[in-house]
Structure formats: C-alpha cells, structure tokens
There are 2 protein chains.
Amino acid sequence: MTDYPSPDMSGVELVDVLRALGDPVRLQIVRRLGDGVPCPKTPEIWEDLNLSKSTMSHHFRTLRESGLTRTVVHGRTHTIQLRKDELAEKFPGLIEAILPDPPR
Amino acid sequence: MTDYPSPDMSGVELVDVLRALGDPVRLQIVRRLGDGVPCPKTPEIWEDLNLSKSTMSHHFRTLRESGLTRTVVHGRTHTIQLRKDELAEKFPGLIEAILPDPPR
DNA sequence: TCGACGGTATGACGTTCATCGAACAATCAT
DNA sequence: ATGATTGTTCGATGAACGTCATACCGTCGA
C-alpha cells in the first residue's frame with residue numbers, strides 16, 4: 001500500500017497555500033471539497049474540467065504538498081480531503097473566505 | 001500627470017487575487033499595507049527586501065492589476081494603498097485572514 | 001533650462017509551471 | 001496468473017514568471 005504523505009501543519013507556509021490556490025483548476029477543486037468530506041478523485045470532480053489524468057494528478061499532488069489536502073488510499077481508489085479543521089486553526093478565516101458563498 | 005488605473009472591483013477574480021498573494025515578496029508588501037493607509041513606495045518597504053527598483057515596480061504593478069492595491073501619484077512620488085474596504089466587501093474575510101496576526 | 005530624483009517600461013535570461021502522452025505500479029476480478 | 005482498473009511518474013514542450021540592468025519619462029528645485 002503506497003503512502004502519500006501530507007506535510008505537518010506546523011511546516012505549512014501561508015504563501016505556499018496561497019500559491020496553490022492561485023490556479024483556476026486547483027481553486028475549483030478546493031471549493032468542491034469545501035465541506036471537508038473525503039471525495040473520490042476521479043469522477044465528477046474533473047469530468048467537466050477536460051484535463052488529462054496526469055494533469056489532474058499533478059494538481060492533486062500540488063494541493064497535498066501545499067498542505068491543503070490529504071490523500072487517502074483505499075485499495076486502488078484514492079480519495080482527497082480538504083484539511084479543513086487544521087487549516088482553520090492555522091489560518092483562521094482563510095478557507096471560509098475562499099469557499100463558495102457563505103455556507104448558508 | 002500619468003494615471004495608473006486599477007481595475008473595477010466587479011471585474012476582479014478571486015483566483016487572480018490569490019495568485020498575486022502567492023508570492024513571498026507581494027504577500028509581504030500586502031501585509032505591511034494592512035491598515036489600508038497609503039504608503040510611499042520607496043523607503044522602508046523594500047530596503048530590507050534587497051530587490052532592484054524595476055523588480056519592485058513589477059510587483060507593484062502586479063498587485064495593482066490584480067485589484068489588491070491602488071496607486072496614487074503625488075508629483076513624482078507614488079503611494080500604494082490596499083483596497084481594504086472594497087476587498088472586504090467583495091471577498092469577506094479574505095484580507096483579514098492573510099494579514100499579520102489579529103489586528104490586536 | 002537643466003540637472004537630479006522617483007518611478008515605470010523594455011528586453012533579456014534562467015527558472016518554474018501547466019499540460020500532455022506514454023510508461024509504470026498497485027489492486028481487484030475472473 | 002491474467003487482464004482490467006485506478007492512479008502516479010517521467011520526459012518533453014511551450015508559456016508564464018521573477019529578476020536585473022538599462023533606458024526612459026514626468027516632476028521638482030536651483
């Protein structure tokens with residue numbers, strides 16, 4: 001079982017988080033992950049983005065390495081999860097500010 | 001008197017703001033502008049950043065074009081100002097989240 | 001009017017980045 | 001075992017970016 005480590009939040013830098021968010025594709029991914037619930041990587045996330053598998057994988061890696069997301073492996077299926085609580089503690093208000101609308 | 005137009009806030013995109021913030025130099029500039037008070041471009045802002053005049057000018061332009069700042073010309077002196085109120089209305093919570101500390 | 005000053009525009013250079021196809025790796029079903 | 005599925009890694013390519021030195025431009029003071 002392969003492991004995809006995400007950095008400890010103590011080493012996560014604000015500027016790197018912002019840089020990761022400063023791409024249209026990645027911002028959209030994060031906003032779809034807004035509830036913090038793990039989400040399968042493949043289907044509805046990028047059917048409409050019209051990007052190749054490898055490009056999506058690149059963005060998933062960037063998000064994970066920036067500290068924004070965590071990747072969980074289940075067999076041959078991967079799910080991606082926004083590290084919402086940890087981020088809220090380290091950068092209060094940031095995630096809420098970039099998520100779609102108010103949570104209503 | 002030359003004019004340096006900043007975009008209307010209605011056309012400002014979140015992803016462009018985040019991209020502008022995703023650079024160490026620009027993030028630092030914005031954080032020093034946090035109070036929204038106009039700040040002269042030259043002196044204390046970048047004496048310690050050890051960057052050339054033209055590089056700073058490039059970052060100032062990027063910030064202005066992204067919608068984050070406004071440039072005001074007084075004679076041969078330029079001041080830069082964070083568009084704090086407009087940004088707070090368009091992207092609630094964002095600026096506060098990336099500014100140093102709580103305002104105390 | 002003429003220089004000095006504050007800042008911008010231009011062009012160049014090296015690096016990073018987003019993107020893709022193809023190859024690879026790991027797991028599940030048969 | 002074998003093949004199909006799910007996703008990552010690698011190598012390449014073109015665009016965007018950060019940086020600098022130089023040239024340029026508008027303004028102020030003598």
Side-chain angles (χ1 to χ4, degrees), chain A residues 1-7 13 15-30 32-33 38-81, chain B residues 1-7 13 15-30 32-33 38-81:
Chain A
M1 160 167 144
T2 323
D3 196 24
Y4 292 99
S6 24
E13 298 280 350
V15 68
D16 295 322
V17 170
L18 292 171
R19 188 196 300 273
L21 291 171
D23 174 90
V25 174
R26 289 193 293 264
L27 181 58
Q28 194 155 348
I29 294 174
V30 169
R32 294 189 193 180
L33 260 36
C39 187
K41 273 190 182 170
T42 18
E44 72 275 20
I45 287 203
W46 51 289
E47 208 118 296
D48 57 317
L49 294 179
N50 285 81
L51 292 175
S52 70
K53 276 198 309 178
S54 44
T55 299
M56 290 307 299
S57 189
H58 159 69
H59 286 306
F60 289 140
R61 172 203 273 261
T62 302
L63 288 172
R64 172 168 41 82
E65 290 181 345
S66 78
L68 274 164
T69 64
R70 179 183 293 108
T71 294
V72 181
V73 179
H74 284 108
R76 62 183 166 182
T77 300
H78 298 195
T79 63
I80 185 175
Q81 181 181 17
Chain B
M1 159 169 144
T2 322
D3 196 25
Y4 293 99
S6 25
E13 299 281 350
V15 67
D16 295 321
V17 170
L18 293 171
R19 189 195 298 276
L21 291 171
D23 174 90
V25 173
R26 289 193 294 263
L27 181 58
Q28 194 157 347
I29 293 174
V30 168
R32 294 188 193 181
L33 259 37
C39 187
K41 275 191 181 170
T42 17
E44 72 275 20
I45 286 202
W46 51 290
E47 208 120 296
D48 56 318
L49 293 179
N50 284 83
L51 292 175
S52 70
K53 275 199 309 177
S54 44
T55 298
M56 290 308 297
S57 188
H58 159 70
H59 285 306
F60 289 142
R61 172 203 270 261
T62 302
L63 288 172
R64 172 168 40 81
E65 289 180 346
S66 79
L68 275 164
T69 64
R70 179 183 293 109
T71 295
V72 181
V73 179
H74 283 109
R76 61 184 166 182
T77 301
H78 298 195
T79 63
I80 185 175
Q81 180 182 16

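What's counted below: heavy atoms across the whole structure, side chains too, no hydrogens, waters or symmetry copies. Sequence lines set the chain letters: A, B, ... in the order given, protein chains first and strands last, and positions in each chain run from 1.
- Each of B:Glu65, B:His59, B:His58 was compared with B:Arg61 under the side-chain hydrogen bond (donor to acceptor under 3.5 Å, both in side chains) criterion, and only B:Glu65 meets it.
- Atom-to-atom, NE2 of B:His58 to P of D:dA23 comes out at 22 Å; the value is rounded to the nearest Å.
- Position along DNA chain C of the nearest nucleotide to A:Arg19 versus A:Ser52 favours A:Arg19 as the more 5'-ward residue.
- Distance B:Lys53 NZ to D:dA23 P: 13 Å, rounded to the nearest Å.
- A donor and an acceptor atom never sit less than 3.5 Å apart when one is taken from the side chain of A:Thr55 and the other from the base of C:dA18.
- The distance from atom CD of A:Glu47 to atom P of D:dG7 is 12 Å, rounded to the nearest whole Å.
- Side-chain contact between A:Arg70 and A:Tyr4 is absent, with no heavy-atom pair separated by less than 4.5 Å.
- Comparing atom distances between the B:His78 side chain and each of C:dG21, C:dG7, D:dT5 picks out C:dG7 as nearest.
- When only modelled atom types and interatomic distance are considered, A:Ser52 and A:Thr55 share a side-chain donor-acceptor pair under 3.5 Å.
- Backbone-only engagement by B:His59 is indicated by non-hydrogen atom pairs under 4.0 Å involving sugar-phosphate atoms exclusively.
- Atom-to-atom, CG of B:Asp23 to P of C:dC17 comes out at 11 Å; the value is rounded to the nearest Å.
- Distance A:Glu65 CD to D:dT8 P: 12 Å, rounded to the nearest Å.
- As rounded to whole Å, 9 Å separates atom C1' of D:dG18 from atom CG of B:Leu51.
- Using a 4.0 Å cut-off between a side-chain N of Lys or Arg and a carboxylate O of Asp or Glu, B:Asp48 and B:Arg32 qualify as a salt bridge.
- Looking at A:Phe60 and A:Ile29, their side chains come closer than 4.5 Å, going by heavy atoms from C-beta outward.
- Taking the nucleotide of DNA chain C with the nearest heavy atom to each of B:Thr79 and A:Arg26, the more 5' of the two is matched to B:Thr79.
- Put simply, NE2 on B:His74 is 18 Å from C1' on C:dC5, counting in whole angstrom units.
- Rounded to a whole Å, the CG atom of A:Asn50 is 14 Å from the C1' atom of C:dC20.
- The phosphate of D:dT8 (OP1 or OP2) has no side-chain N or O of A:Arg61 nearer than 4.0 angstrom.
- In the set D:dT6, C:dG21, C:dT8, the nucleotide with an atom closest to the side chain of A:Arg76 is D:dT6.
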